[in-house]
**Q** 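Have a look at this one.
The chains referred to below are lettered A, B, ... by the order of the sequence lines, with proteins before strands, and numbering in each begins at 1.
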2 protein chains.
Amino acid sequence: MAVTIKDVAKRAGVNASTVSRVIKDSSEISEKTKAKVRKAMQDLGYRRNAAAQILASGKSNTIGVVFPPVTDKASQPFFMKILTSINETAREYDISVAIATGHSTWELKKQVELQYSEKRVDGFIVLYAGKSDEVRTYLLDHKVPFVLVGTPLERQNEITHVDNDNMLLGREAVRHLVELNHQNISFVTNTLEGEVFAERYQGFKDETKRLGLSRGALLMDRDFSVTDETALVVLDDVLALKVVERLSSQGLRVPEDISLVTYNNSIFGSIIHPYLTTFDINIEQLGAAAVRKILDLRDAQQQLPEKTIIPFELIVRESTKVRA
Amino acid sequence: MAVTIKDVAKRAGVNASTVSRVIKDSSEISEKTKAKVRKAMQDLGYRRNAAAQILASGKSNTIGVVFPPVTDKASQPFFMKILTSINETAREYDISVAIATGHSTWELKKQVELQYSEKRVDGFIVLYAGKSDEVRTYLLDHKVPFVLVGTPLERQNEITHVDNDNMLLGREAVRHLVELNHQNISFVTNTLEGEVFAERYQGFKDETKRLGLSRGALLMDRDFSVTDETALVVLDDVLALKVVERLSSQGLRVPEDISLVTYNNSIFGSIIHPYLTTFDINIEQLGAAAVRKILDLRDAQQQLPEKTIIPFELIVRESTKVRA
DNA sequence: CTGAAAGCGCTTACAG
DNA sequence: CTGAAAGCGCTTACAG
């Protein structure tokens, strides 16, 4: 059958345990022996058997990625992008990725529990934050290592998480618009829930207040309309598309009549004109940082929960301009 | 540590091998013994150790899902949707899912090779079709079980694949428009490559020809414009958004002046008006069928490559109307 | 229908 | 620096 450690050992004229040590590049082994063994591995085309290694070592070297329970939400480009980034970073550390998806938190919890109890994974990266749910409760209760992408609304102090600074994101949007000479600025949202809205809006309010420009939030619903605004901060790209359309039906053009800055830099922002001025939230780094954190947690190099802030970048495109 | 098969055996007063047989619900074991053993498993909270099972059985019970090499492409909703569907179907069969992502076919091939040679996966589902590449060559050359989602352009006869009937999809689009009394219909594309374009366009041509309405394809580029068309068939949702915009800038409104039918029923089609009339290609079923096929292949219940056709459904929304 | 035993391919104290 | 041995937790012929 396949080439095993024993075959390599025989060919190299050493013991199997030595081969094992060479595989993990143990500093105990002399360079000479290492070279000899590596040559034998080469010659034979040796590949480790993952299952055997996991069983013997007790480490799965696999992390589970938990998607949000709503399938619709999961089809946003964000998730595929971060999954790619997680997978690539994991590979650098020779770690595999398993996934948990489902239509409800109950299903998700079942999967998470199964994967962990069958020792398929060493820990999890959870791709949704906000309020606590069954999944998180399970992880916390059973002291399973995990990191959250986003900011938890509860027990924030006990959860290692990775996120952008959404408050700052709120403030910076205002700053950009004010630099373009805008004064009458509103924040547009289609939800009042979730930590993303809460924090971006808070940042928006803080900054407008600081500048003496205080305004409220506009809810994007049937009755949405603007009054004297010359600029808007919109919660995300997809919503921004709808806002542009609505404004247009009210005879307002972006950016000629009204400027608009939004978030996420997803593909939605650059399909049709005006291409959207948007904050890139650096999904690649979010994913990479999440992987590093979960590995730290697993190896207990760091036990205290901490928050990692990922920088963002303003992408100026067509939806904002200087107020005349 | 964790509860093992031995603990269960002791508690149930049987041999470990009997417990193992109960786990896989072997017909050799009496119902009485099964009940006894199951009770013991319950009491002890037994969970199998996945790695041990894989090592001993030689089956990983995991399938690898290979994403296309371009990250941009991978962020289309299609991929996350099918991944979800694959994962859910796999779960029904007690199968895990591993993923392979990368920026180049070379990276992808490296991963695929690694996963297979380390015996992490039993086979693969490849999420992109078209021309052959390193990945597919590797799989074919090494006789690795795999199924393609989409239609291969080469060696089609040797590859098990799952796809919609794109030719029929082309014809049906014409049919829908003709039913609405349209006669001057063109096909709009932004690429001349790929089997999706080739087949949908072929179907379009066949049907228009049959009806004596023959027209060519319009390439969506800088110079795009229509002449006497009253209806268009557009290659996909995202392109359709751009087409609507371009038409609008030429003073043509959809569907008042020109009808438009497109494909994929992605989220892009229902963000802004006109919501697009589109064919739902049934991604869930594509994923589910792919899983079943790869399991069949693995278990060699069926060795001959075959094509599985997944049905589609026309979703009529706002972008098509009866020609006055 | 059930048990005893060997084995899957690694890792890791323990010795030297 | 290297080897011999036990063990990780299962599965699966082989016997009876």
**Q** What residues, two or more places apart in sequence or in another chain, satisfy side chain to side chain contact (heavy atoms under 4.5 Å, CB included) together with Asn157(A)?
**A**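 Per chain and number, Asn157(A) pairs via side chain to side chain contact (heavy atoms under 4.5 Å, CB included) with no residue.
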**Q** With sequence neighbours left out, what residues match Lys24(A) under salt bridge (Lys or Arg N to Asp or Glu O under 4.0 Å)?
**A** none
**Q** Could you tell me which residues satisfy side chain to side chain contact (heavy atoms under 4.5 Å, CB included) with Ser132(A), sequence neighbours excluded, listed by chain and number?
**A**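 Testing Ser132(A) for side chain to side chain contact (heavy atoms under 4.5 Å, CB included), a comparison that skips the adjacent residues, returns Arg136(A), Thr137(A), Glu154(A).
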**Q** Write out all pairs satisfying salt bridge (Lys or Arg N to Asp or Glu O under 4.0 Å) with one or both partners inside residues 45-54 of chain B, taking only residues at least two apart or from two chains.
**A** Glu113(A)-Arg47(B), Glu118(A)-Arg48(B), Arg48(B)-Asp94(B)
**Q** Sequence neighbours excluded, which residues qualify as side chain to side chain contact (heavy atoms under 4.5 Å, CB included) partners of Lys36(B)?
**A** Val14(B)
**Q** Report which part of the nucleic acid Val14(A) touches: base, sugar-phosphate, or nothing (heavy-atom distance under 4.0 Å, all strands).
**A** sugar-phosphate
**Q** Residues two or more places apart in sequence or in another chain: which of them pass ring pair (Phe, Tyr, Trp, His ring centres under 6.0 Å) with Tyr116(B)?
**A**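 Here no residue qualifies.
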**Q** Show me, range against range, the stems involving DNA chain C, built from at least 3 consecutive Watson-Crick or G-U pairs below 3.5 Å.
**A** C:1-3 with D:14-16, C:5-12 with D:5-12, C:14-16 with D:1-3
**Q** Distances under 3.5 Å between protein N/O atoms and the N/O atoms of nucleotides 12-16 of chain D, please, pair by pair.
**A**
from    : atom 1 : to       : atom 2 : distance (Å)
dT12(D) : OP2    : Lys24(B) : NZ     : 2.6
dA13(D) : N6     : Arg21(B) : NH2    : 2.5

**Q** Can you pull out the residues from residues 31-43 of chain A that lie within a 4.0 Å heavy-atom distance of DNA chain C?
**A**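 None, since no heavy atom is under 4.0 Å.
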**Q** Check the phosphate of dT11(D) against Gln53(B), side-chain N and O only, distance under 4.0 Å to OP1 or OP2. Yes or no?
**A**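 It does, given that an N or O in the side chain of Gln53(B) lies less than 4.0 Å from OP1 or OP2 of dT11(D).
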**Q** Tyr46(A): what forms a ring pair (Phe, Tyr, Trp, His ring centres under 6.0 Å) with it, not counting sequence neighbours?
**A** none
**Q** Side chain to side chain contact (heavy atoms under 4.5 Å, CB included) with Lys307(B): which residues, sequence neighbours excluded?
**A**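 Listed in chain order: Thr151(B), His161(B), Asp163(B), Ile309(B).
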**Q** I need the CG-P distance between Asp7(A) and dG9(C), as an integer number of Å.
**A** 9 Å
**Q** Residues in ring pair (Phe, Tyr, Trp, His ring centres under 6.0 Å) with Tyr138(B), at least two apart?
**A**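 For Tyr138(B) the ring pair (Phe, Tyr, Trp, His ring centres under 6.0 Å) partners, ignoring immediate neighbours, are His142(B).
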